[in-house]
Amino acid sequence: MARNDNTVLVLGATGGIGGEVARQLCDAGWEVRALKRGAVEGKREGITWLAGDAMDAQAVRRAAKGCSVIVHAVNPPGYRGWSELVLPMLDSTLAAAKAEGATVVLPGTVYNFGPDAFPLLAEDSPQRPLTAKGAIRVEMERRLEDASREGARVLIVRAGDFFGPKAGNNWFSQGLVKAGQPVRAVSCPGDPGVGHQWSYLPDVARTMVELLARRDRLAPFARFHMTGHWDADGTRMSDAIRKVVVRRTGAQVRVSAFPWWLLALASPFVVTFRELREMRYLWRMPVGMDNAKLVAFLGREPHTPLEEAVEAALDGMGCLPTAPVAVAA
């Protein structure tokens, strides 16, 4: 099969960032393939779905045949099996990318970094993580850099905590509010006065798509940081949620501290809670990212105003009525 420079394989297309990137690439005229375990094969909404497991190197290799880009946005659900599954899944992608000479796109995280790199992270900040999950992330990027010297190319876009119209394993939809439920309260995980960075999924996806459109100008191993939405004192996001909810429903929303004590009680029995507790340090000190390199390359960072982004996220998650409720003056 001849390579098509506008053909992409997306791993993790049913997830938040993977799904958003797949949709935007499709809209931008790319031929998009998606590999999913147990998928009903066929083309739907412009995306060609293929059945296969990201752990199966041969399945990934077949799906990636002729692709110029592989988006690696797949993760074990609910953090389960992270240490056993994440690196083998990446190795499947890297083998396919090296065979095709393809560009691997990875959504990066701040888990790679420890407090010695805070409060402002640059692309070359030292990666000395505090957690096992962070150490795996560092190893992922090390393997990606090695692959960039062995025939593959790599693009890493690092952003803050995700939020967006599709619920997933993120703090916004599992911690601050609850997907599928009316918003009656907002839980704030951060310590009072501590800044935090958020990233709107469609903005992150748009950044990736725009970078891929210029990938002939990228280094073989390229990393970019996004600034996203900086919540300087930890209240800006909860205020935006409150404003959207009162405008759409008239209901007042209370804001309270996130119940970390409950995670402590339940974490011996629930893997997800244990993983969330491990990341608490990211809520106890300000962590932001410098996007100067991205702006120099693209000319700007794609950015949706916060309240507009929050409203779209709450709508997509089923947290708001389908039509605005008339609010008495």
Side-chain angles (χ1 to χ4, degrees), residues 16-17 19-20 24 107 109-110 119-120 157-207 225-260 276 279-280 282-291 300-329:
I17 185 61
E20 190 63 44
Q24 291 200 26
T109 74
V110 298
L120 188 64
V157 177
R158 198 182 317 279
D161 271 321
F162 289 157
F163 71 104
K166 302 292 184 180
N169 291 326
N170 60 57
W171 272 102
F172 187 93
S173 64
Q174 294 182 313
L176 273 68
V177 298
K178 298 298 180 186
Q181 300 178 18
V183 182
R184 297 187 176 90
V186 180
S187 295
C188 292
D191 287 358
V194 173
H196 195 77
Q197 183 170 320
W198 295 92
S199 291
Y200 183 50
L201 280 170
D203 290 342
V204 180
R206 191 168 301 113
T207 299
H225 285 188
M226 295 183 67
T227 291
H229 290 278
W230 175 244
D231 186 344
D233 64 357
T235 65
R236 189 171 172 232
M237 178 59 82
S238 56
D239 284 348
I241 294 171
R242 291 173 61 207
K243 288 175 182 176
V244 168
V245 172
V246 75
R247 185 172 73 248
R248 288 285 297 272
T249 72
Q252 295 295 329
V253 173
R254 62 183 176 82
V255 178
S256 59
F258 183 81
W260 287 103
L276 291 175
M279 297 299 162
R280 188 175 183 181
L282 295 170
W283 294 96
R284 286 179 153 166
M285 53 192 79
V287 186
M289 279 180 256
D290 183 353
N291 72 347
R300 75 196 207 297
E301 176 182 313
H303 185 82
T304 303
L306 183 59
E307 282 191 38
E308 179 183 333
V310 166
E311 185 165 9
L314 294 175
D315 265 328
M317 289 161 48
C319 295
L320 294 171
T322 53
V325 176
V327 179

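As the structure is a prediction and not an experimental result, all values here were calculated from the model.
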Q: Could you walk me through whether Phe163 and Tyr200 pass the ring-ring contact (aromatic ring centres under 6.0 Å, His included) test, one step at a time?
A: CA-CA 5 Å; Phe163 71 104; Tyr200 183 50; 5.4 Å; yes
Q. Stepwise, does the ring-ring contact (aromatic ring centres under 6.0 Å, His included) test hold for Phe258 with Trp171?
A. CA-CA 11 Å; Phe258 183 81; Trp171 272 102; 5.2 Å; yes
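- Atoms CD and OG, from Glu301 and Ser199 in turn, are 7.0 Å apart once rounded to the nearest 0.5 Å.
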(Q) Pair Leu306, Arg236 - check side-chain contact (heavy atoms from CB on, under 4.5 Å), show working. (A) CA-CA 9 Å; Leu306 183 59; Arg236 189 171 172 232; 3.7 Å; yes
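- Counting heavy atoms from C-beta outward, Val110 and Gln197 have side chains that stay 4.5 Å or more apart.
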Q: Begin from the C-alpha positions of Phe172 and Asp161 and carry the test side-chain contact (heavy atoms from CB on, under 4.5 Å) through to its verdict.
A: CA-CA 8 Å; Phe172 187 93; Asp161 271 321; over 6 Å; no
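- The distance from atom CD1 of Ile17 to atom CZ of Phe162, rounded to the nearest 0.5 Å, is 4.5 Å.
- With a 4.5 Å cut-off on side-chain heavy atoms, Lys243 and Glu307 count as touching.
- Side-chain contact between Pro107 and Val157 is absent, with no heavy atoms from C-beta onward closer than 4.5 Å.
- Side-chain contact between Met289 and Trp230 is absent, with no heavy atoms from C-beta onward closer than 4.5 Å.
- For the atom pair OG1 of Thr207 and CG of Asn291, the computed distance is 9.5 Å after rounding to the nearest 0.5 Å.
- When side chains are defined from C-beta on, Ile241 counts as touching Val183, because their heavy atoms get closer than 4.5 Å.
- At a threshold of 4.5 Å between non-hydrogen side-chain atoms, the residues Leu176 and Pro189 count as touching.
- Atoms CG and CE, from Leu282 and Met279 in turn, are 6.5 Å apart once rounded to the nearest 0.5 Å.
- In this structure the side chain of His303 never reaches within 4.5 angstrom of the side chain of Met226, judged on heavy atoms.
- Arg284 places none of its side-chain heavy atoms less than 4.5 Å from the side chain of Val194.
- Taking all atoms of both residues into account, the shortest heavy-atom contact from Glu311 to Leu320 is O-CD1, 4.0 Å.
- Residue Asp315 holds its CG atom at 4.0 Å from CZ of Arg248, rounded to the nearest 0.5 Å.
- The line from CG of Leu201 to CZ of Arg206 is 11.0 Å long, rounded to the nearest 0.5 Å.
- Salt bridge absent: Lys166 and Glu20 never bring a charged side-chain N and a carboxylate O closer than 4.0 Å.
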